[in-house]
2 protein chains.
Amino acid sequence: MGGLKTQHRNALPVPTRKPRSSRTGRATMADVATAAGVSAMTVSRALNRPDKVSEEVRARVAEASRRLGFVPSRLAAALATARSMTVTVLIPSLTNSVFIDVLAGIQETLSPHGYQPVIGVTGYTPEEEERVLRTQLASGPDGVILTGLDHTPATWDLLRSIPTPVVHTMDLAPDADDALTVGFSQFDAGHAVGRHLVERGRRRIGLIAGQLDPRTRQRCDGWRQALVEAGRHDPSLELMVPDSTSVALGAELLERMLAAHPDIDALFLCNDDLAQGALFHCARRSIAVPGRLALAGFNDLGGAAWTLPPLTTVATPRHAIGVEAAHLLLAAMNGRDDGPRSVDLGFRLMVRETT
Amino acid sequence: MGGLKTQHRNALPVPTRKPRSSRTGRATMADVATAAGVSAMTVSRALNRPDKVSEEVRARVAEASRRLGFVPSRLAAALATARSMTVTVLIPSLTNSVFIDVLAGIQETLSPHGYQPVIGVTGYTPEEEERVLRTQLASGPDGVILTGLDHTPATWDLLRSIPTPVVHTMDLAPDADDALTVGFSQFDAGHAVGRHLVERGRRRIGLIAGQLDPRTRQRCDGWRQALVEAGRHDPSLELMVPDSTSVALGAELLERMLAAHPDIDALFLCNDDLAQGALFHCARRSIAVPGRLALAGFNDLGGAAWTLPPLTTVATPRHAIGVEAAHLLLAAMNGRDDGPRSVDLGFRLMVRETT
DNA sequence: GCCCTTGGTGTTAGCGGTAACATCGAAACA
DNA sequence: TGTTTCGATGTTACCGCTAACACCAAGGGC
């Protein structure tokens, strides 16, 4: 009895210098230093600023490094330098290809500069965005890229309180020096579609929208204004549901719309997948497109040019937005904070055969 | 003259205790400790193991924490605990929705456990994969999820040399205790399509494939064997190109195929986007599907059920693969290494109207 | 020959946390 | 009432790297 407590006190206190490697089993800079017969600092220099080290030592370090399979710990470096080489990217959803395209642009641009995008998914809600941002900030990103401008007040405060540069995408800042922004005018894009349908001589022009995030709403607003301007707006022809968009939903909503308003002769669907579903429904019901019903989509997703007939839609510069956002962020992270504050990348109305 | 060098030596050495916050401007644990009148360690405990701290102190710490806007540095914690709460996920491409679906499954599963997936893009080449893996390993992930089993020998060595658990997805390990694997048999899936076309009585069955990664090849192999078994294999009906798949490519390749072999009566397209392109081409050329030509795709991507006619294809459990891979990894990261080593999630032949 | 550069390298002191052990008062026990 | 036990808290020593400065020999200007 008596000695049951663990008392490792006498477990050979190890002569201060560990024999090799660390707790993780991986070689550390100190190991390489010993192996190369130099100090840790010299190893660090040999790796990060080779010009500061003699040819000969550089070679010895490289050799030892290779031999030990040394991988410098970014974590330790990040802690010591206060630069994580990491960029937080928050998007509403992973399965919406719109954001993936933006992400791809960001990734391609950041990667060559050694920055690692770290993705957070916000599920389209500002509250979740705030939560995710908070946890991500804990790992000290060097930059932040957010989707949209609809953040909670607390998020805005948070963003202002950190020294980290922030870029907002997919939308345009109302006043340009409030935030770094890269996108296009969702309102104008919706307006262009509305006007296009009007110009095609359509009189009963409807709207179908899903996934009612602020950007979708702005598109709808633009469309509405175009119709109002033409004196052809009928609020009852708007069908807006919160469900996330899909081909199936497009077909279903069109059916509903036609049941209530068989006289519509044109339709703006706020996303291409809805439009494809509508197109499918028309084919099944032998509704002539664009003869009896004109259809316009949004985003110019992959298959839009390959429907029958090819879909009129709005091409959005998703990839370019990602690239430009990353460039802006890179500039800001390097202290070059002078560039334009709000970049409008525009959009293109792709008039094809459904209108 | 003389004093031009910067010699801040006498810049008031600050009384050892900095007044507040650190170099980054953010509050540190020490700041909170001071504010709450306790030691840093107690703050750490109050945050990570509240039960180890008295109710009263916990409240004081929470208060101080809130007041100072304290965000604990994950970096420092990671360095101290040797756990980064990070998982490296390597996928061939961001723009291929197949991998995004897997990724989404991973993300959803890992997130609630506090793990942060960090994505690397390998561009479909094992060499780039090795490179990306190397750099990612530098930030000490707690786990790794890779796509496929085709890694460079050096990658395999690397994986073996680290203590970090690794899961491979989208494929099945030849022998189950070699690696943790979650996927389905690409070969069998291809075989099922081949047999299906044979069973439909087709005699001149062709193949169109793009993006020739190992998984695509295995599908093709399976398909080929099915035809060989039926005595209907004609190598000249295989059209395989390295280009990445797209709707446009599908249309183009079908045209080429028909030009060379107008007598084909069935076609397996190794990805749904190719199949959609082929379908489009058939519609344009008034080729009856499935009357004159049967078409089968692969993956059951979003629009497959909504083509005209609806596309026969193979539904692959992409999301489930992500979820299961994450579960396996979580188990391994927590030391529960006992689960099944190779998980076959199967596939489903979706017979629709194009065959 | 003296002093100042300069380039290469080492030393020290953290970055912001946490593991492990030490300490201490009060409750529990004998 | 002395001792044990235990819960709550503090101290110390790092994790692995790098900024900043110290040091030193060789070269250059006068």
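What you are looking at is a predicted structure, and each value in this text was computed from that prediction instead of being measured. Residue numbers begin at 1 in each chain, while the letters A, B, ... track the order of the sequences.
Between the side chain of N334(A) and the backbone N or O of L330(A), at least one donor-acceptor pair lies under 3.5 Å. Side chain of R60(B) to main chain of A36(B): a donor-acceptor pair is present (N/O by atom type, distance under 3.5 Å, no hydrogens or angles).
For K52(B) and dA20(C), the NZ to P distance is 13 Å, given to the nearest whole Å. Rounded to whole Å, atom P of dT23(C) lies 17 Å from atom CE of M41(B). Rounded to whole angstrom, the span from the CE atom of M85(A) across to the P atom of dC15(C) amounts to 22 Å. The CZ-P distance, from R58(A) to dG8(C), rounds to 9 Å in whole Å. Between the CG atom of L47(A) and the C1' atom of dC17(D) there is a distance of 11 Å, given to the nearest Å. dA20(D) atom P lies 13 Å from atom CZ of R45(A), rounded to whole Å. One atom, CE of M29(B), and another, P of dG16(C), lie 12 Å apart when rounded to the nearest Å. The separation between D51(A) atom CG and dG7(C) atom C1' is 11 Å, rounded to whole Å.
For T28(B), whose side chain is taken as the heavy atoms from C-beta onward, the closest listed nucleotide among dA8(D), dG16(C), dT18(C) is dG16(C). Minimum atom distance to the side chain of S39(A) is reached by dT11(C), of the listed dG17(C), dA19(C), dT11(C). Ranking dA19(C), dG10(C), dG17(C) by closeness to the R49(B) side chain, first place goes to dA19(C).
Between S54(B) and dA8(D) there is no side-chain polar atom (N or O) within less than 4.0 angstrom of OP1 or OP2.
Atom NE2 of residue H168(B) and atom CG of residue L90(B) lie 11.5 Å apart, to the nearest 0.5 angstrom. Of the inter-residue distances, the one linking I91(A) atom CD1 with I145(A) atom CD1 reads 11.0 Å to the nearest 0.5 angstrom. In this structure, the separation between CD on Q136(B) and OG on S139(B) is 5.5 Å, given to the nearest 0.5 Å. To the nearest 0.5 Å, the span separating CD1 on I106(A) from CD1 on I321(A) amounts to 9.5 Å.
Nearest-nucleotide positions on DNA chain D for V38(B) and S44(A) put V38(B) closer to the 5' end.
When the C1' atoms of four end pairs are superposed on the next four at each end of the helix from dG1(C)-dC30(D) to dA30(C)-dT1(D), using five pairs per end, the two resulting axes differ in direction by 40°, to 10°.
In this model, no side-chain donor or acceptor of R26(B) finds a partner on the base of dG16(C) within 3.5 Å.
Using a 4.0 Å cut-off on heavy atoms, the residues of residues 72-84 of chain B that approach DNA chain D are L79(B), A80(B), listed by number.
Contact detail for V53(B) and A46(B): the closest heavy-atom pair is CG2-N, 3.8 Å.
Looking at heavy atoms from C-beta onward, I119(A) lies in side-chain contact with L103(A) at the 4.5 angstrom threshold.
The existence of a salt bridge linking R131(B) and E127(B) is excluded, since no basic side-chain nitrogen approaches an acidic carboxylate oxygen closer than 4.0 Å.
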